Amino acid sequence: MKIYSYNVNGIRAAMGKGFMQWLEESNADVVCIQETKAQPDQVPSLEFLSAGYFCQCFSAEKKGYSGVAILSKKEPKNIQMGMGIEKYDREGRMIRFDYDDVSIVSVYHPSGTSGEERQNFKMQWLEDFQSYAVELQKQIPNIIFCGDYNICHEAIDIHDPKGNAKNSGFLPEEREWMTRFLDAGFTDSFRFLHPEEKDAYSWWSYRANARAKNKGWRIDYCMTSNIMKDRIIGAGINPNAMQSDHCPIYVEIK
């Protein structure tokens with residue numbers, strides 16, 4: 001099973017930039033989408049269905065904001081929207097598909113770049129998300145959390161670690177949370193297979209031609225339960241996909 005994660009920065013905008021062509025070429029079994037920025041009736045579900053993908057979205061109450069979705073060649077046996085915490089669920093930040101032998105989550109962690117209030121919201125979300133993930137793993141051992149985490153974990157994951165040391169997304173407390181999350185029973189699939197690979201990023205600022213210069217951040221992850229380590233046969237990043245300021249990442253499991 002090949003699972004992609006893609007922050008599309010607006011699904012309608014991405015559709016106009018060749019998303020359907022990318023989807024066909026990806027040959028993905030599952031695609032976890034973040035930042036749809038669309039209400040359910042604005043998500044092109046019929047186009048996805050025509051391409052062979054069942055689609056379910058979970059939108060934010062606020063129009064043009066946040067939102068997640070999952071596309072799947074196989075219809076899941078169960079769908080769960082949100083964590084059951086109202087202040088997060090109204091922002092449309094998580095959706096889960098349960099299959100017979102694995103569950104897959106599309107998650108969009110908050111950004112703290114707009115100021116202290118949202119940074120505090122982000123830090124509380126991270127703690128609550130970890131509690132949710134740990135408890136869920138007790139019920140569903142084989143689980144994959146794919147999405148935009150809005151955090152670079154280590155210096156190798158960002159083009160300028162010193163210059164960004166005080167910026168949201170690379171703050172010490174965010175990085176420490178990521179370490180604790182992994183220690184709680186999860187595996188960064190990309191680093192599991194590529195522990196020393198440098199200059200591998202999934203997001204670039206639009207400023208100063210950052211993408212062309214590869215001045216990026218690796219903030220998108222496919223995290224698997226530790227119990228699934230032996231099932232990881234591939235993990236990668238596709239920086240050539242240009243439908244968003246992010247690029248798609250993937251994990252392949254047997």
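What you are looking at is a predicted structure, and each value in this text was computed from that prediction instead of being measured.
- A continuous path of ILVMFWY side-chain contacts below 4.5 Å connects L182 to V107, so both sit in one hydrophobic cluster.
- Residues satisfying the ring-ring contact (aromatic ring centres under 6.0 Å, His included) criterion with Y99, sequence neighbours excluded, are absent altogether.
- The stretch residues 225-235 participates, sequence neighbours left out, in these side chain to side chain donor-acceptor pair (under 3.5 Å) pairs: D101-R231, Q137-S225, T187-N226.
- The environment of CD1 in I140 is crowded: more than 12 heavy-atom neighbours from other residues, nucleotides or ligands sit within 6.0 Å.
- Atom CD of E197 sits in a crowded spot, with more than 12 heavy atoms from other residues, nucleotides or ligands closer than 6.0 Å.
- Screening residues 219-244 for ring pair (Phe, Tyr, Trp, His ring centres under 6.0 Å), with sequence neighbours left out, gives Y149-Y221.
- Between atom CD1 of residue I232 and atom NZ of residue K254 there is a gap of 10.5 Å, rounded to the nearest 0.5 Å.
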Solution key, residues 43-62 side-chain donor-acceptor pairs under 3.5 Å, sequence neighbours excluded:
residue	atom	partner	partner atom	Å
S50	OG	L46	O	3.0
Y53	OH	A28	O	2.6
S59	OG	A38	O	2.7

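- Within 6.0 Å of NZ on K73 lie more than 12 heavy atoms contributed by other residues, nucleotides or ligands.
- For E24, the CD atom counts as loosely surrounded, since its 6.0 Å shell holds 12 or fewer non-hydrogen atoms of other residues, nucleotides or ligands.
- Side-chain contact between I249 and F190 is absent, with no heavy atoms from C-beta onward closer than 4.5 Å.
- D157 has its side chain within reach of R191: a pair of non-hydrogen atoms, C-beta onward, lies under 4.5 Å apart.
- Inspection of the H246 and D220 side chains reveals an N or O donor paired with an N or O acceptor under 3.5 Å.
- Evaluation of the salt bridge (charged side-chain N to carboxylate O under 4.0 Å, His left out) test over residues 102-125, restricted to residues two or more places apart or in two chains, returns E91-R118, K122-E174.
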Please walk me through it: do Q80 and V105 pass side chain to side chain contact (heavy atoms under 4.5 Å, CB included)? CA-CA 9 Å; Q80 181 67 44; V105 174; over 6 Å; no
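- Taking the ring centroids of F170 and W217, they lie at or beyond the 6.0 Å cut-off.
- By the criterion of side-chain heavy atoms lying less than 4.5 angstrom apart, applied directly or through intervening Ile, Leu, Val, Met, Phe, Trp or Tyr residues, L193 is not grouped with I156; the two fall into different hydrophobic clusters.
- Cluster membership check: I11 shares its hydrophobic cluster with V31, using side-chain heavy-atom separations under 4.5 Å among Ile, Leu, Val, Met, Phe, Trp and Tyr.
- Remark: F181 engages F129, W177, F186 in a ring-ring contact (aromatic ring centres under 6.0 Å, His included) (not counting sequence neighbours).
- Under the 4.0 Å criterion applied to side-chain N and carboxylate O atoms, R180 and E127 are assigned as salt-bridge partners.
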